[in-house]
Amino acid sequence: MKGEKLLRMANISKRFGRVQALKGVDFEADYNEIVGLLGDNGAGKSTLIKILTGVFPPDTGEIYFEGTKVTFRSPRDAQRLGIEAVYQEATLVNVMGIARNFFLGREPTRWGFLLDKRRMNRECIEILSRIGVKIKSPRREVSLLSGGERQSICIGRALYFQAKLVVFDEPTAALSVKETEYVLRYIRSLKEKGLSVVVITHNIYHVYDLADRFVILDHGNKIGEFVKEEVSPQDIIDVIRAGSAAVIRGGGGGDT
Ligand SMILES: Nc1ncnc2c1ncn2[C@@H]1O[C@H](COP(=O)(O)OP(=O)(O)O)[C@@H](O)[C@H]1O
Ligand SMILES: [Mg+2]
């Protein structure tokens, strides 16, 4: 559909017991755009992203992807449409090897039922080396990998399966300085390849550098939305600090 954003989430609410984690949030990501999703701990960022990646359904609200209304019953449904998640936790099965994790649930087969392990090993190594990751063996258990290496498997997977939108939840939280640089570079390269990215991070300077637009959540509400040109990193920090009491200024401020 013309004029439609790549992703539009409308009026998304989600409750966990007594906690109203999201309250009617609207969220969009355009084609070839990097959106930074920000907010203090407990703001609802991960919940929004888990709804977007099919981990659980929203209580209310709709998701439109490429102009079509979609519903996800599992992360597999979201992946099939081209939405891939890169988290520190949960996306990899520790006791399995790198190649098995790379293809998990989407394995190439021979005669429709035998895993084509040779092809899995070869293609996994090839795509990882293309993004600059050298692995000793595709059979190596992922529990032995560093946080950065684990994420690079997810990123390689997103490229291999031709994702349209890649979602990062705190990608650099547990990484060394060097690994952090790699991950930031990957995120940039996804945009250069024409993909869209949603990135959650506590590091305002990283996200300011990367993102085209920022969305700020607080206690389940969207309290701010800015394109980079209208805010400084300090403006964003101020909005997050002030929380929902914040007075959101319009564009044209420019006090940097
Ligand atoms: N699976 C869950 N069960 C119960 N409460 C949850 C669950 N996931 C998140 N919450 C609660 O929802 C709120 C928002 O959490 P979350 O989306 O993880 O915030 P953020 O990622 O912004 O730190 C928090 O109060 C959190 O404790
Ligand atoms: Mg979170």
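Values below: all heavy atoms of this structure, side chains included; hydrogens, waters and symmetry mates excluded. As the structure lists them, so they are numbered: ligands from 1, and atoms in each ligand from 1. Model, not experiment: these values are computed from the prediction.
- The distance from ligand 1 to the heavy atoms of Ala43 drops below 4.0 Å at these ligand atoms: 19 (O), 20 (P), 22 (O).
- Ranked by closest heavy atom to atom 15 (O) of ligand 1, the top entry among Thr47, Ile51, Asp40 is Thr47.
- A donor and an acceptor atom, one from each side chain of Tyr160 and Glu123, are located under 3.5 Å apart.
- Judged purely by distance below 3.5 Å, without hydrogens or angles, the side chains of Ser146 and Glu179 pair a donor atom with an acceptor atom.
- Within ligand 1, the atoms closer than 4.0 Å to a non-hydrogen atom of Ser46 are 17 (O), 18 (O), 20 (P), 21 (O), numbered from 1 in the order shown.
- One option in Gly42, Ala21, Gly39 has a heavy atom closer to atom 24 (C) of ligand 1 than any other, and that option is Gly42.
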Full working for side chain to side chain donor-acceptor pair (under 3.5 Å) between Asp169 and Ser46: CA-CA 7 Å; Asp169 192 346; Ser46 294; 2.6 Å; yes

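- Judged by distance alone, the side chains of Thr172 and Thr180 never bring a donor and an acceptor atom under 3.5 Å apart.
- Asn11 contributes no side-chain N or O that, together with a main-chain N or O of Asp26, makes up a donor-acceptor pair within less than 3.5 Å.
- For Val19, every heavy-atom contact with ligand 1 shorter than 4.0 Å involves the side chain, none the backbone.
- Here the heavy atom of the protein found nearest to atom 19 (O) of ligand 1 is Gly44 N, 3.2 Å.
- Here the heavy atom of the protein found nearest to atom 1 (N) of ligand 1 is Phe16 CE2, 3.7 Å.
- Atoms of ligand 1 found under 4.0 Å from any heavy atom of Asn41 (numbered from 1 in listed order, with element): 23 (O).
- Using a 4.0 Å threshold on non-hydrogen atoms, atom 26 (C) of ligand 1 does not count as touching the protein.
- Side-chain rings of Phe72 and Phe56 stay apart, their centers remaining 6.0 Å or farther from each other.
- Among the atoms of Ser46, an N, O or S atom falls under 2.8 Å from the Mg ion (ligand 2).
- No more than 12 heavy atoms of other residues, nucleotides or ligands lie within 6.0 Å of NZ in Lys117, so this atom counts as exposed by the packing criterion.
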